[in-house]
Amino acid sequence: MDATHLIDSFRVDGKVAVVVGAGSGIGRASALALAGAGATVVCADLAGDAAEETAALIGAAGGAVHAATVDIADRLAIDSLAATVVEEHGGLHVWVNTGATMVEGPFLDLAEDDLDRIISVNLKGTVFGCQAAGRIMATQATGGSIINFSSGAADTVSANISAYALCKAAVVQITKNLAFEIGKKKVRVNAVAPGFVLTGMTSRYFVRPDGSIDEEMRDAVVGPMKKFTPLRDIADPEDIATSVLFLASDASAFITGQVLRPNGGVAMS
Ligand SMILES: NC(=O)c1ccc[n+]([C@@H]2O[C@H](COP(=O)([O-])OP(=O)(O)OC[C@H]3O[C@@H](n4cnc5c(N)ncnc54)[C@H](O)[C@@H]3O)[C@@H](O)[C@H]2O)c1
C-alpha cells in the first residue's frame, strides 16, 4: 500500500451500506456521510417517513440511495431487509445499528414492560442486525464491517437511565464476541460509544410538545454536559458520523472488536 495515498482508503466507493435508525440524529448523519464518501446507502428506520426524508437528502446531493421501513426488534423483518439489499444491490458491505429507544426512571421503579421494550430494541435489535448482516458478509470474499452503537452510558454512571445503560454495556460485549467469532471471515465488528450529542433522543429534555425550545431548560441540560467534558463541548451528529465512516472504510481494515469513543474525553478507556 502506498502511504502517500492513504486518504483514499477513507472513501467507501462501491460499498453497499445499511443504516438502521437513519431517520434521525446520528443515523441520518452517518447515512449522509457514507453516501457522500461513495457508498450506496439503504436508509432504514421504524419511522419510514423519516427514512424517506434522509434518502431524499442523499438523492438531492447526487448519492445512490434507497429507503426502508423496519423495526429492528422484528428479527424476520431485519433478515428480510438484509436479503432484499443483496438481491437489489448485489452485496452488503456495511451495516450500522444506530436505531435505539430510551426508558427513563429510577432503577427500583423499572417496570418489566419497559425493561422488555428497551431490551427488544436496543439489545435484541442489535443482535438481530449483527446476525442478518454477519451471515451475508461471512459468505462474501470481501467480508464486511458491522458498526454497533454503545454509549458513554456504558462507561460512566448517570441517574435514571439504568435500563438504557445495561443494553449499551451489552452492545460492547456483543461486538467483541461476534468480532472474535467472525474475524476469520473478514467481517469486522466494532462499536461507537458517543458522549452527549444533540439529537431527537437528547433534545426531549428541552423541546416542548409543540416543537418549540425551552431555552432555559436547554441551558440547564447542555451547560453541565459541557462543563464536565474535557473538551468543554457537546457533539453534533456529524462529529459521530466521522467515526462511522472510518469504521466502515478500509482505513480501519485492521480494527475489529473495538469501541471507538467520540465523547470529548468524558470517559477514557
Ligand atoms: N444522542 C446521544 O447523546 C447519544 C449518546 C450515546 C449513544 N447514542 C446512541 O446513538 C444512536 C443514535 O441515537 P440518536 O441520538 O441519533 O437518536 P435519535 O432518537 O435521534 O435517532 C434514533 C432513530 O432510531 C429509530 N428507531 C427507534 N426504534 C427503532 C426500531 N425499533 N427500529 C428501527 N429504528 C428505530 C428512531 O425512529 C430514530 O430515527 C443510538 O443507538 C443511541 O443510543 C446517542
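As the structure lists them, so they are numbered: ligands from 1, and atoms in each ligand from 1.
- Atoms of ligand 1 found under 4.0 Å from any heavy atom of Phe196 (numbered from 1 in listed order, with element): 3 (O).
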Check the pair Asp2 / His5 against side chain to side chain donor-acceptor pair (under 3.5 Å), numbers first and verdict last.
CA-CA 6 Å; Asp2 176 358; His5 290 94; 2.9 Å; yes
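- Of the options Phe128, Phe149, Tyr164, the smallest heavy-atom separation from atom 8 (N) of ligand 1 is shown by Tyr164.
- The neighbour count for Glu112 CD, taken as heavy atoms of other residues, nucleotides or ligands under 6.0 Å away, does not exceed 12.
- Nearest protein neighbour of atom 29 (C) of ligand 1, counting heavy atoms only, is Leu46 CB, 3.8 Å.
- For the side-chain contact (heavy atoms from CB on, under 4.5 Å) with Phe149, the lone residue among Val20, Val244, Asn122, Thr175 that qualifies is Val244.
- Here Asp210 does not pair with Arg208 in a salt bridge; the nearest charged N to carboxylate O distance is not below 4.0 Å.
- Taking distance alone, with nitrogen or oxygen atoms compared against 3.5 Å, Asn97 stays at or beyond that limit from ligand 1.
- When only interatomic distances are considered, the shortest N/O to N/O separation between Ser151 and ligand 1 does not fall below 3.5 Å.
- Only backbone heavy atoms of Val70 (N, CA, C or O) come within less than 4.0 Å of ligand 1; its side chain stays farther off.
- Tyr164 pairs with exactly one of Ile118, Val103, Thr101 by the side-chain contact (heavy atoms from CB on, under 4.5 Å) rule, that one being Ile118.
- With a 4.0 Å cut-off on non-hydrogen atoms, Val121 touches ligand 1 through its side chain and not its backbone.
- Residue Arg28 places no heavy atom under 4.0 Å from ligand 1.
- In terms of protein heavy atoms, atom 12 (C) of ligand 1 is closest to Thr98 O, 3.4 Å.
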Give the intermediate values and the outcome of side chain to side chain donor-acceptor pair (under 3.5 Å) for residues Ser249 and Arg11.
CA-CA 6 Å; Ser249 73; Arg11 290 202 56 89; over 6 Å; no
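- With a heavy-atom cut-off of 4.0 Å, Ser150 touches ligand 1 through its backbone alone.
- When only interatomic distances are considered, the shortest N/O to N/O separation between Asp45 and ligand 1 falls below 3.5 Å.
- Ligand-side atoms of ligand 1 in range of Asp71: 30 (C), 31 (N), 32 (N), range being under 4.0 angstrom from any heavy atom.
- Inter-residue side-chain proximity for Val42 and His89 is flagged as met; some heavy-atom pair is nearer than 4.5 Å.
- Using a 3.5 Å distance cut-off with no hydrogens or angles, the side chains of Asn97 and Thr126 do not pair a donor with an acceptor.
- Interface of Gly200 with ligand 1, defined as ligand atoms under 4.0 Å from a residue heavy atom, comprises 20 (O).
- For the pair Phe228 and Thr156, the minimum side-chain heavy-atom distance is 4.5 Å or more.
- Nearest-residue assignment for atom 22 (C) of ligand 1 (options Gly129, Ala100, Gly25; heavy-atom criterion): Ala100.
- A salt bridge is absent between Lys124 and Asp74; no separation between the charged side-chain nitrogens and carboxylate oxygens falls under 4.0 Å.
- Contact between Ala193 and ligand 1 is absent, with no heavy atom of the residue lying under 4.0 Å from the ligand.
- Using a cutoff of 4.0 Å between basic side-chain nitrogens and carboxylate oxygens, Arg117 and Asp114 are scored as salt-bridged.
- At a heavy-atom cutoff of 4.0 Å, ligand 1 is contacted by the side chain of Thr202 but not by its backbone.
- Between Ile26 and ligand 1, a contact under 3.5 Å exists for at least one N or O pair.
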